[in-house]
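To start, the structure under review is shown below, and the notes come after it.
Not measured: the values here are computed from a predicted model.
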Amino acid sequence: MPFTNLPVDQQIQVPKLTPEYYTSLAELDADLKLNPPCLNLPAFHAPVGDSDKSKPRLLGGYQDDPRSPSYTFNFWSLCDTFIYFAHHRVSPPPPAWVSAAHRHQTKILGTLIFEGAGEEDCLRLIVGPVPSQESSTTTTANSLNQSGRTMVLSPHYAERLAELAHNRGFDGYLLNFECPLGGGEEQARLVAAWIILLKIELAKRVGPYAEVVWYDSVVINGLLRWQDRLCHYNLPFFLSADSIFTNYTWPPFYPRISAQYFDSIDKAFSVPKTRRDIYVGVDVWGRGSHGGGGFNCYKAIEHIEPSADGLGLSVALFGQAWTWESKQDSPGRTWSGWWKDEIRYWLGPPDESTPAPTDNPSTSSLQAALAASAQTILASVGLPPPCVHGPFRPMSSFFKHRPIEIQRLFHTNFSPGIGYSWFIEGKRVMQSTSGWTDVDKQSCIGDLVWPSPSLLLPGGERTTIEDFTVDLNFDDAWLGGSSLAITIPTAIQEILSPADASSDADRIWIPLQSLVLLGSSNRYTADLVVKIATPGVNSDFHVALKNSLDEGVTTSAVVAQTVLPNGWTSFSTQFSDLPASTNAYDFCIGLSSLRMQDENESDSPITVLIGQLAIQPLDDKESSPLVSLVSWSPSLSTDLAKNTPTPTMSGRLAWSTSVRLPFPTTPPPLSGRDDPTPRWTFEIPKSGYPNWYPRFVYQNVYMLSYKSDHTAPLRPEDAMFVGTSGGDGQYESISFVGLPVNISNLPQDSAVDRIRFYIRGVTDAGRVVGWEDAASIDVSLT
């Protein structure tokens, strides 16, 4: 959550969600007894379209730094499931990561792990809470099985873990049993049975899409023996869980053996599983992984062959933040430098002139030595030499992009979840010298525009042009911390000739984002907020749709062009000729232009900033909703630090939200009690909120200090931006510790004794509530 920039000695302390993790099952029990509230986070949207699961599963554990840019993941369309991994007993994903994953329609799992001295807790998981004893004897599997009977199996922790997933809004667990089971095969058998109980409880509390992943660790006799593939020793755990994540120290022929072994399993045991449920591990750090990790991960994936015409196995990437973490402490390292590496790893170099990434420098020399040694050894026993791989391949060459499915609406302001400023309607309200990270504010960055934009010329020819580039602009934005910057070279400007362009057929089209429309509506409205950053340039813009199947571009006249503050312009376009269908309709949305004229007649490139893109069904005017207003049930506790040069306050500001519906159209006269036509109707969605009920994604909070005897009307425009809600999972409250009282709007000798807080909501369609509708509360400082 971005907060106002303050001197180091006045930094706001932001309370975090507690506990962030649990070091033991006893801690989990103690916390859930307190009945923690459920977080109101975006729910996972189970895709109804192509359910291809060849995309990788990612494992990593990362924390946002509200005071500097840090690692964020932005290629959700290439990811099937994100697993938040940490070395605590139970690690739920942070709320911001849950929001980001679900906003991009990706499942996110927590981790249940047992390692080192975790044997006793591993037993507790199966038998349930053991009554505390005054003696110091340790509970073991043998002590519970002295009578010769089988061990007991309790659903207690299956219920508790499912309850935690429901409360925190995530979708399941990775089970990592990396300590031996003292009960041997009997305890291993009960672990396999307990997994089924966990799946049942997750389905009840989370939903049918909940998932349990087994990590290749302990085997059927209870020993810790990584197998590196699917085999008889880990088969029962795979059958009980939804999928298996194999260890990553496998030789090149193991993926094929896993596939062959799966095919040999009696279908009475394995149905409904497929090869896709076998996730072959690849360590991006290269610890024992074929190819050495890093930019050489493609060598391992080429053996996994995730495509449908290959082995059809899936990939589990462990530690994909290697691009960030391996160099984060290097001198001169910047976020933009990391971003270039991240783009290359996932999408490849922006053009052919850019050299492909080099081998992982930390392992390349070692790999070369090992390869030479292996070749000598293999040759001595008559075996073929090691495999040979071609040049670098990015992750996107193995996995298809998954378009966002629109059930209600789509909105993005092209934020990677970091920034150096905060903008509200084009106005910079906060600037930070160190930057910030808030994954909760992340949105789609455009899955069709990276690593370099493509261009659809008049007539339908698709091409790429040198110096036609894309980047993230952190110095100017419409809403949030960044905008999408597209640099248009002179070669494209020559195509956009006003003398020749006269109709939609003469337009160019720059694809930005792939989407899928769901439902029966064939009327949509798209809103694009644009700013030409190059002075003296005139152009027109449309939003254009392209059917993903037939390459046809659907354009429509701009319904409204609105001049916005701070140099931005909104273009609203309606599409009413789309095919009505109850099935999914795949399309791409992009920027269309008919003319672009540089009044300065320079040969310099033109930079276009895209600040916001939104698309949603176009309802009849009489049934369109008003943007919701906020109603308040404020609760604020203050702790004013007196006798200080700058007073500070601590507390929690809370509110509730509601919607004001538009006035209905004048209904016809009442015709009698047997009239079969309803007086009014409302859309009833199958799931989620309906179109007529807008939601807020976060709130911008301001504060204005004043004197109680102040007589002139307060101007909310003079208020100081304080911060945003949502980063801690609390969307209807914001907490502060040590918030400096703003006195900049008053004379130095004024005795400030009151604070007015303003809260301006931002809807899920990207509309900021106006000052006239902003909620406020006055707080006394005396």
How about Arg205: does its CZ atom have over 12 heavy atoms from other parts shown lying under 6.0 Å from it?
->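 Buried by this count: over 12 neighbours within 6.0 Å.
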Quick check: do [X] and [Y] have side-chain heavy atoms less than 4.5 Å from each other?
X      : Y      : value
Leu175 : Leu198 : yes
Leu311 : Ile304 : no
Trp346 : Ser396 : no
Phe170 : Trp97  : no
Leu317 : Met395 : yes
Ser314 : Asp277 : no
Pro95  : Asp440 : no
Cys297 : Trp322 : no

Does the distance from a Lys or Arg side-chain N to an Asp or Glu carboxylate O, for Lys299 and Glu302, drop under 4.0 Å?
-> no
Salt bridge flag under 4.0 Å for residues Glu27 and Arg89 =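 No, Glu27 and Arg89 are not salt-bridged.
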Would you mind telling me which of Trp226, Tyr279, Tyr215, Phe237 makes a ring-ring contact (aromatic ring centres under 6.0 Å, His included) with Phe245?
-> Tyr215
For Asp29, does its backbone N or O pair with a side-chain atom of Tyr22 as donor and acceptor, under 3.5 Å?
->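 Judged by distance alone, no pair lies under 3.5 Å.
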Is it true that the side chains of [X] and [Y] contain a donor and an acceptor less than 3.5 Å apart?
X      : Y      : value
Asn221 : Tyr233 : no
Arg402 : Thr106 : yes
Thr249 : Asp228 : yes
Tyr71  : Gln320 : yes
Asp121 : Ser24  : no

Applying ring-ring contact (aromatic ring centres under 6.0 Å, His included), name anything that partners His389, two or more places apart in sequence or on another chain.
->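 In terms of ring-ring contact (aromatic ring centres under 6.0 Å, His included), with neighbours along the sequence ignored, His389 is linked to His290, His303.
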Quick one: sort the Trp76 and His104 rings into parallel, tilted or perpendicular, breaks at 30° and 60°.
->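 The arrangement is parallel - the two ring planes meet at less than 30°.
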Between Phe75 and Trp339, how do the two ring planes meet: parallel, tilted or perpendicular, split at 30° and 60°?
-> parallel
Ring centres of Phe318 and Phe85 under 6.0 Å apart?
->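 Ring centres of Phe85 and Phe318 closer than 6.0 Å.
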Can you check side chain to side chain contact (heavy atoms under 4.5 Å, CB included) on Ser243 and Glu211, steps first, answer last?
-> CA-CA 8 Å; Ser243 56; Glu211 188 170 4; 3.6 Å; yes
Nearest non-hydrogen partners of Asp216 and Asn234, listed with the distance |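 Smallest interatomic distance, heavy atoms only, reads OD1-ND2, 3.5 Å.
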Which pair of non-hydrogen atoms, one from Trp250 and one from Asn247, has the smallest distance, and what is that distance?
->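 In terms of heavy atoms, the two residues are closest at CD1-O, 3.2 Å.
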Run the side-chain donor-acceptor check on residues 444-451: report pairs under 3.5 Å with partners two or more places apart or on a different chain.
{"residue": "Asp447", "atom": "OD1", "partner": "Ser514", "partner atom": "N", "Å": "2.9"}
{"residue": "Asp447", "atom": "OD1", "partner": "Ser514", "partner atom": "OG", "Å": "3.4"}
{"residue": "Asp447", "atom": "OD2", "partner": "Gln513", "partner atom": "NE2", "Å": "3.4"}
{"residue": "Asp447", "atom": "OD2", "partner": "Ser514", "partner atom": "OG", "Å": "2.5"}
{"residue": "Trp450", "atom": "NE1", "partner": "Ile445", "partner atom": "O", "Å": "2.9"}

Under the 6.0 Å and 45° cation-pi test, does Arg275 pair with Phe262?
-> no
Contacts of type salt bridge (charged side-chain N to carboxylate O under 4.0 Å, His left out), residue Arg225, not counting sequence neighbours | none
